[in-house]
2 protein chains.
Amino acid sequence: MGKIRGLGYRATPQRLAVIEALASGRHQSVDEIQARCPGVGIVTIYRTLDLLCGSGLARRLDLGDGKPRYELAEDHHHHLICQSCGAISEFEDCPLEERLPREASDFEVSFHRLEVYGLCGGCRG
Amino acid sequence: MGKIRGLGYRATPQRLAVIEALASGRHQSVDEIQARCPGVGIVTIYRTLDLLCGSGLARRLDLGDGKPRYELAEDHHHHLICQSCGAISEFEDCPLEERLPREASDFEVSFHRLEVYGLCGGCRG
DNA sequence: CTTCTAATTGAAACGGTTTTTCAATAGCGG
DNA sequence: CCGCTATTGAAAAACCGTTTCAATTAGAAG
């Protein structure tokens, strides 16, 4: 991965492990990321996540359960969270791509988050 | 306030204090709420906030700084967060009121959150 | 390939926040 | 008013993330 190098940081195995962990799943908690990075200290995981989020390579999510979650900032999408089972899914069609700038006058919009809560198909029965 | 009673909970002075604190400001942190509830133990504040959020009377916000914030769930609005100074403002015109249900098929939408990040007027200069 | 140096790692200690426990208190139905 | 049960709050515990600092290592330079 040259992404890290390109930003002026060293490409250590620990950092690559965290990036691979993020690439192998979606909206993962710190626990989940750590489980996919055996041998990497938790301190390094926190630091790497901060680094990635700070440089825009990753994104931090707050989906309402208090647990921060992380994902690579590859595409723009939003989350559907089931209030019953906690399942998280995603949808790509952002309903306000071109709609937002007009709403927010006197504010220079950089990005937005949208999370939709409700009941997933399985829990509706 | 009969709202609490109506839900089957006792209307204690502590709970009323927390509700009044929430009513006197917007998107407040636990610290701010506690400051407005002198004499109320922090444990009770946490428990009351959980109670209010669980019963739908209040809402918990995660605005990206890790600090949870709370507000009464009276009206539907969204937040503008300045990435430079951290100021939080609000806007009422929800750009996706009637747009959402169609987007999310096989998912029964209950509510949604939208947070817009960027630069406020003062920080743009 | 070897050397050198500054960036990086990780164990331990720390600090702040939230939860659990449990005895004491108090709301409210009867 | 009484009495039962929900609620409170102090203390302790659990949890989460950060800081510190000595040891290690990536990567540039020779």
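So that the names make sense, note that chain A is the first sequence line, chain B the second, and so on, each numbered from 1. Everything numeric here is computed off the predicted structure, so don't read it as measured data.
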Round to the nearest Å and state the distance from [X] atom [atom1] to [N] atom [atom2].
X: A:L7; N: C:dA7; atom1: CG; atom2: C1'; value: 15 Å
X: B:I42; N: D:dA12; atom1: CD1; atom2: P; value: 18 Å
X: A:D50; N: D:dC16; atom1: CG; atom2: P; value: 16 Å
X: B:D65; N: D:dG17; atom1: CG; atom2: C1'; value: 14 Å
X: A:K67; N: C:dT17; atom1: NZ; atom2: P; value: 21 Å
X: B:D62; N: D:dC16; atom1: CG; atom2: P; value: 15 Å
X: B:Y9; N: C:dA26; atom1: OH; atom2: C1'; value: 19 Å
X: B:E32; N: C:dT17; atom1: CD; atom2: C1'; value: 16 Å

Atom pair CG (A:L57) and CG (A:L22), whose distance is rounded to the nearest 0.5 Å: 10.0 Å

Separation of A:K67 NZ from A:R69 CZ (nearest 0.5 Å): 5.5 Å

Of A:T12 and B:R47, the one whose closest DNA chain D nucleotide lies more 5': B:R47

B:T48 and B:Q14: side chain donor to acceptor below 3.5 Å: no

Qualifying salt bridge (charged side-chain N to carboxylate O under 4.0 Å, His left out) pairs, either residue in residues 34-55 of chain B, two or more places apart: none

Respond yes when some side-chain nitrogen or oxygen of [X] is under 4.0 Å from OP1 or OP2 of [N], and no when none is.
X: B:R5; N: C:dG29; answer: yes
X: B:Q14; N: C:dA26; answer: no
X: A:T44; N: C:dG10; answer: yes

Residues that A:E71 engages under side chain to side chain contact (heavy atoms under 4.5 Å, CB included), provided they are two or more places apart: A:H27, A:R59, A:L61, A:H77, A:H79, A:E90

Quick one: which of [options] gets closest to the side chain of [X]?
X: A:R10; options: D:dG9, C:dT17, D:dA26; answer: D:dA26
X: B:A11; options: C:dG10, C:dC28, D:dA26; answer: C:dC28
X: A:V40; options: C:dG10, C:dT8, D:dT18; answer: C:dG10

Touch class at under 4.0 angstrom, heavy-atom based, for B:G39 against every strand present: sugar-phosphate

